[in-house]
Number of protein chains: 2
Amino acid sequence: MVGTGTSRAALAYLKALYALEEESPRSGARGRLGTARRVTTSAIAERLAVSAPSATNMLKRLAARDLVSYEPYKGASLTRKGRAVALEIVRHHRLLETYLVEALGVPWEEAHAEAEALESNLSESVEERMFAALGRPRFDPHGHSIPTRNGAMPKTSRRSLWDVSDGEAVLVAQVPDSHSDALRYLAEVGVLPGVRVTIESRGPIGGPLFVRVEDNEDAPVALSKEITEAIWVH
Amino acid sequence: MVGTGTSRAALAYLKALYALEEESPRSGARGRLGTARRVTTSAIAERLAVSAPSATNMLKRLAARDLVSYEPYKGASLTRKGRAVALEIVRHHRLLETYLVEALGVPWEEAHAEAEALESNLSESVEERMFAALGRPRFDPHGHSIPTRNGAMPKTSRRSLWDVSDGEAVLVAQVPDSHSDALRYLAEVGVLPGVRVTIESRGPIGGPLFVRVEDNEDAPVALSKEITEAIWVH
DNA sequence: CTCTTGATTTAGACAGGACTAATACTGCTC
DNA sequence: GAGCAGTATTAGTCCTGTCTAAATCAAGAG
């Protein structure tokens with residue numbers, strides 16, 4: 001299993017922390033080099049649908065095990081050790097998603113939840129077999145890159161579809177993995193990783209983006225600000 | 001996942017209870033018809049490597065949820081409801097074992113442990129997909145029959161190899177699924193489900209059984225009483 | 001019928017996780 | 001620099017599951 005001796009719940013916190021560190025600060029090209037971006041207690045609590053005190057409580061325990069560095073009122077961040085565990089489980093998750101979709105035909109939008117249920121009990125040995133069976137994939141079905149076994153995470157584009165200017169054509173790199181309704185819709189209109197899309201126009205301030213999908217003669221599809229912010233392109 | 005709302009630990013108890021009910025009483029052709037064979041607290045505790053008080057405690061809680069019928073000092077047995085949950089998880093377990101071996105090439109003797117780790121988080125949907133991918137198998141790699149989805153358990157032979165008389169030839173129906181050392185050995189010498197074997201001779205009282213494996217010109221293999229008692233034939 | 005022994009259960013603690021209510025801190029505004 | 005709003009943390013409970021030590025039951029031996 002993962003990060004031996006680390007409970008399912010603790011792993012969930014580490015994973016959430018990892019995700020929040022990744023997505024949040026964009027840190028405006030600043031704050032790189034060890035300036036560990038701290039994540040607030042409430043952000044974690046919200047992400048895990050747990051009360052704030054529960055989060056505080058768990059963060060303190062994870063800190064005691066040197067998996068996160070936590071300073072009261074200042075938020076938390078993963079230690080090197082905690083990051084390794086988080087990456088291990090992210091790898092499990094994404095590999096499982098890929099396997100479920102590719103090998104077992106699980107629908108795209110259900111893969112995330114199924115993988116989440118299984119990820120914390122997947123052994124390294126089975127993981128390795130799935131990895132080989134899939135041909136050592138580098139991306140999961142949503143376009144997220146799969147960390148390597150020794151915990152290296154390939155860099156990916158961080159430009160969101162929302163930030164693309166009108167008329168520009170870009171390649172979809174990744175879409176979110178949760179929110180199955182949204183995923184079902186994206187699959188339906190063909191906005192998938194690897195597909196080229198062009199911004200046709202956009203509605204008034206904060207309004208929807210009208211996107212033309214390659215090889216699709218239909219009317220452009222309308223996508224909300226929220227979803228286009230979560231779609232990354234290059 | 002399984003038996004919704006039932007924790008991993010509780011499921012382990014139900015599964016153990018099911019296994020113990022199955023293997024124990026042989027009930028000398030008597031005690032059929034509803035005479036629910038009661039399993040002792042200590043048998044469960046031993047099986048799960050847990051203290052006796054822990055077992056008592058859990059049995060009481062399972063009884064409160066109407067999953068087992070439990071009477072102090074008299075042992076416990078599964079209720080209809082508990083049996084259904086147990087069978088569901090047994091199905092998950094055996095299907096997973098089969099899948100791991102067939103589809104992913106996990107070694108025979110490791111399948112049990114890997115399946116155990118995953119079984120309680122397998123959704124019905126993924127289970128169904130694995131079942132279909134395998135061609136709706138009826139037996140797992142150790143020859144145990146896989147309960148149907150609606151909880152019916154096909155009857156199997158209950159004659160143990162130990163009880164076969166000298167010179168008689170029988171077909172191996174099933175071998176145990178745990179004890180990887182023993183399994184590795186059985187695989188090595190070719191004593192597998194579906195293989196025909198003949199009892200050559202047996203050592204002095206309680207001594208090893210010497211078994212000749214079909215199509216194998218080598219010397220007969222020696223198998224202990226313990227292992228031959230756990231191998232079922234027809 | 002009583003005693004002894006071994007299996008079981010009760011009692012009492014503890015660790016992990018989660019919650020609500022109450023308190024304390026931080027940082028922004030004036 | 002004081003006040004306030006909002007965020008975080010502490011306090012105190014609860015529920016699972018597990019353990020050890022102590023008490024209790026059941027059943028066979030005499």
Side-chain angles (χ1 to χ4, degrees), chain A residues 1-17 20-21 24-25 36-77 82 85-86 89 116-117 120-121, chain B residues 1-17 20 24-25 37-77 82 85-86 89 116-117 120-121:
Chain A
M1 329 317 153
V2 175
T4 315
T6 305
S7 76
R8 200 182 180 69
L11 290 173
Y13 278 88
L14 294 176
K15 202 172 69 153
L17 206 36
L20 289 167
E21 283 187 5
S24 71
R37 332 70 149 164
R38 317 215 125 239
V39 174
T40 67
T41 303
S42 50
I44 297 174
E46 188 189 350
R47 177 65 62 106
L48 295 174
V50 126
S51 73
S54 298
T56 299
N57 179 33
M58 180 61 95
L59 289 176
K60 279 157 87 169
R61 280 190 315 202
L62 292 173
R65 296 173 50 192
D66 194 32
L67 292 167
V68 314
S69 99
Y70 166 72
E71 214 171 336
Y73 297 102
K74 297 271 173 62
S77 62
V85 174
I89 188 162
E116 191 128 89
S120 50
N121 301 301
Chain B
M1 328 319 149
V2 173
T4 315
T6 303
S7 76
R8 199 181 180 71
L11 290 174
Y13 278 88
L14 294 176
K15 203 171 66 152
L17 206 34
L20 289 167
S24 72
R37 327 78 146 163
R38 318 213 125 240
V39 174
T40 67
T41 303
S42 49
I44 297 174
E46 187 189 351
R47 178 65 62 105
L48 295 174
V50 125
S51 73
S54 299
T56 298
N57 178 35
M58 180 61 96
L59 288 176
K60 279 157 87 168
R61 280 191 316 209
L62 292 174
R65 295 173 50 191
D66 194 32
L67 292 166
V68 314
S69 100
Y70 167 71
E71 215 172 336
Y73 297 102
K74 297 270 174 61
S77 63
V85 175
I89 188 162
E116 191 127 89
S120 50
N121 301 302

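Heavy-atom basis, side chains included; hydrogens, waters and symmetry copies ignored. Just so we're on the same page: letters track the sequence lines, and every chain starts at 1.
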Would you check if the side chain of R8(A) reaches a backbone N or O of A117(A) as a donor-acceptor pair within less than 3.5 Å?
-> yes

Return the value, rounded to whole Å, for the distance between atom OH of Y73(B) and atom C1' of dC25(D).
-> 5 Å

Report the distance from atom CG of N57(B) to atom C1' of dT9(C), rounded to the nearest whole Å.
-> 11 Å

Validation: residues 44-52 of chain B side-chain donor-acceptor distances under 3.5 Å, sequence neighbours left out:
{"from": "R47(B)", "atom 1": "NH2", "to": "E23(B)", "atom 2": "OE2", "distance (Å)": "2.5"}
{"from": "S51(B)", "atom 1": "OG", "to": "S54(B)", "atom 2": "N", "distance (Å)": "3.3"}
{"from": "S51(B)", "atom 1": "OG", "to": "S54(B)", "atom 2": "OG", "distance (Å)": "2.9"}

When you measure from the side chain of Y70(A), which nucleotide among dG16(C), dT16(D), dA8(D) comes out closest?
-> dA8(D)

Select one nucleotide: of dT18(D), dT9(C), dA21(C), the one nearest the side-chain heavy atoms of A52(B).
-> dT9(C)

Short side-chain N/O contact to dC19(C) OP1/OP2 from S54(A), under 4.0 Å | yes

The answer to which of A9(A) and P72(B) contacts DNA chain C further toward the 5' end, by nearest nucleotide, is P72(B)

Which ones in residues 39-48 of chain B lie close to DNA chain C, meaning a heavy atom under 4.0 Å from one of its atoms?
-> T40(B), T41(B), S42(B)

What integer distance in Å separates Y13(A):OH from dG16(C):P?
-> 14 Å

Atom-pair distance (CG on L59(B); P on dT9(C)), nearest Å | 8 Å

Is the backbone of G75(A) close enough, under 3.5 Å, to the side chain of R38(A) for a donor and an acceptor to pair up by distance?
-> yes

Would you kindly give the CZ-to-P distance between R8(A) and dA18(C), to the nearest whole Å?
-> 12 Å

